[in-house]
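Below: one structure, written as structure tokens.
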Amino acid sequence: KYSTNLAVGMMFNTLSDVKKSPGSWARSSIIVGDWWNKNNLLGKPLILNGSGMGNINRISAAQTVDLLNHVWMQKRYFPEYLGALSVSGVDGTLQRRWRDTQAERRLRAKTGAIRNVSCLSGYAVSKDNEVFAFSIMMNNYKSGGYAVKKIQNQIGLLLTEFYRPT
């Protein structure tokens, strides 16, 4: 899927757009924090930059999974949200990942990367069709992006191969 950090940053900015005052990242950050608290999500992430580019945001993998689980339950907008995520082995940033494996078409996720940081968060469908929200956040690595993606791919494959005996 096509994703642009500039567009996401602008959307974040418009959250706080009011009649006499243009939107700002600072006010939008407060709105997001209030929404987070209202929905009783885990902890208090720091979202100062709507695009996620740079190193000023602070959110954990556990908080991301909590958010993904919350979104999963939202019948009003979940279908559009899920449709915006790349499908493993099919499209977007996951088009070339997990092809010809158990994980092909069984992961929907968003990637994110900046220097020495690589993230992958979304949903995985197991062998017995159980859905897992997951978030893999890797930073300060020295091995290079290929090795990190290889580890992420192994984790994704394990999630889709999981089977819970009855």
Side-chain angles (χ1 to χ4, degrees), residues 1-12 32 36 39 41-43 45-166:
K1 311 289 191 258
Y2 183 70
S3 174
T4 171
N5 293 315
L6 176 64
V8 173
M10 298 298 284
M11 286 172 45
F12 181 78
V32 168
W36 191 275
N39 287 285
L41 296 174
L42 182 65
L46 182 63
I47 310 296
L48 298 174
N49 173 333
S51 71
M53 296 297 289
N55 62 358
I56 61 174
N57 291 339
R58 298 290 182 263
I59 187 167
S60 70
Q63 289 169 323
T64 302
V65 167
D66 197 34
L67 175 61
L68 289 166
N69 283 328
H70 174 79
V71 171
W72 180 265
M73 302 305 292
Q74 307 309 306
K75 292 183 180 11
R76 212 171 92 222
Y77 56 81
F78 178 73
E80 287 78 16
Y81 177 78
L82 187 65
L85 297 176
S86 296
V87 179
S88 56
V90 176
D91 62 13
T93 55
L94 303 183
Q95 185 174 19
R96 292 183 180 93
R97 296 172 76 171
W98 295 288
R99 280 189 182 160
D100 302 319
T101 70
Q102 169 71 29
E104 185 173 9
R105 297 181 176 269
R106 298 186 72 82
L107 290 159
R108 286 187 177 244
K110 175 77 176 100
T111 60
I114 56 176
R115 186 183 177 119
N116 295 326
V117 176
S118 181
C119 301
L120 178 70
S121 300
Y123 303 97
V125 180
S126 72
K127 204 178 256 190
D128 56 347
N129 293 319
E130 186 174 354
V131 178
F132 298 102
F134 71 92
S135 183
I136 305 164
M137 297 183 174
M138 305 170 84
N139 57 37
N140 296 324
Y141 54 83
K142 307 292 184 227
S143 60
Y146 176 78
V148 167
K149 282 185 181 178
K150 190 174 178 181
I151 293 167
Q152 292 172 352
N153 289 352
Q154 290 170 337
I155 294 169
L157 187 59
L158 286 171
L159 288 171
T160 61
E161 290 176 340
F162 180 79
Y163 180 79
R164 195 180 304 274
T166 54

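What's counted below: heavy atoms across the whole structure, side chains too, no hydrogens, waters or symmetry copies.
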Non-hydrogen side-chain atoms of W36 and L67 separated by less than 4.5 Å: yes
Contact summary for A109 and L85, nearest pair of heavy atoms: N-CB, 3.8 Å
R58 side chain to N55 backbone, donor-acceptor under 3.5 Å: yes
Main-chain N/O of L82 paired to R108 side chain as donor or acceptor, under 3.5 Å: yes
Heavy-atom pair with the smallest gap, counting every atom of T93 and S86: N-OG, 3.3 Å
Minimum side-chain heavy-atom gap F12-N49 below 4.5 Å: no
Pairwise side-chain contact, P45 with N57, heavy-atom cut-off 4.5 Å (strictly under): no
Atom OH of Y146 with >12 non-hydrogen neighbours under 6.0 angstrom: no
Considering all heavy atoms, the nearest E130-R164 contact: OE2-NH2, 2.8 Å
Side chain proximity check, C119 to M137, heavy atoms < 4.5 angstrom: yes
Under 3.5 Å donor-acceptor, R106 side chain and S126 backbone: yes
L94 backbone acceptor or donor facing S88 side chain under 3.5 Å: no
F78 backbone acceptor or donor facing W72 side chain under 3.5 Å: no
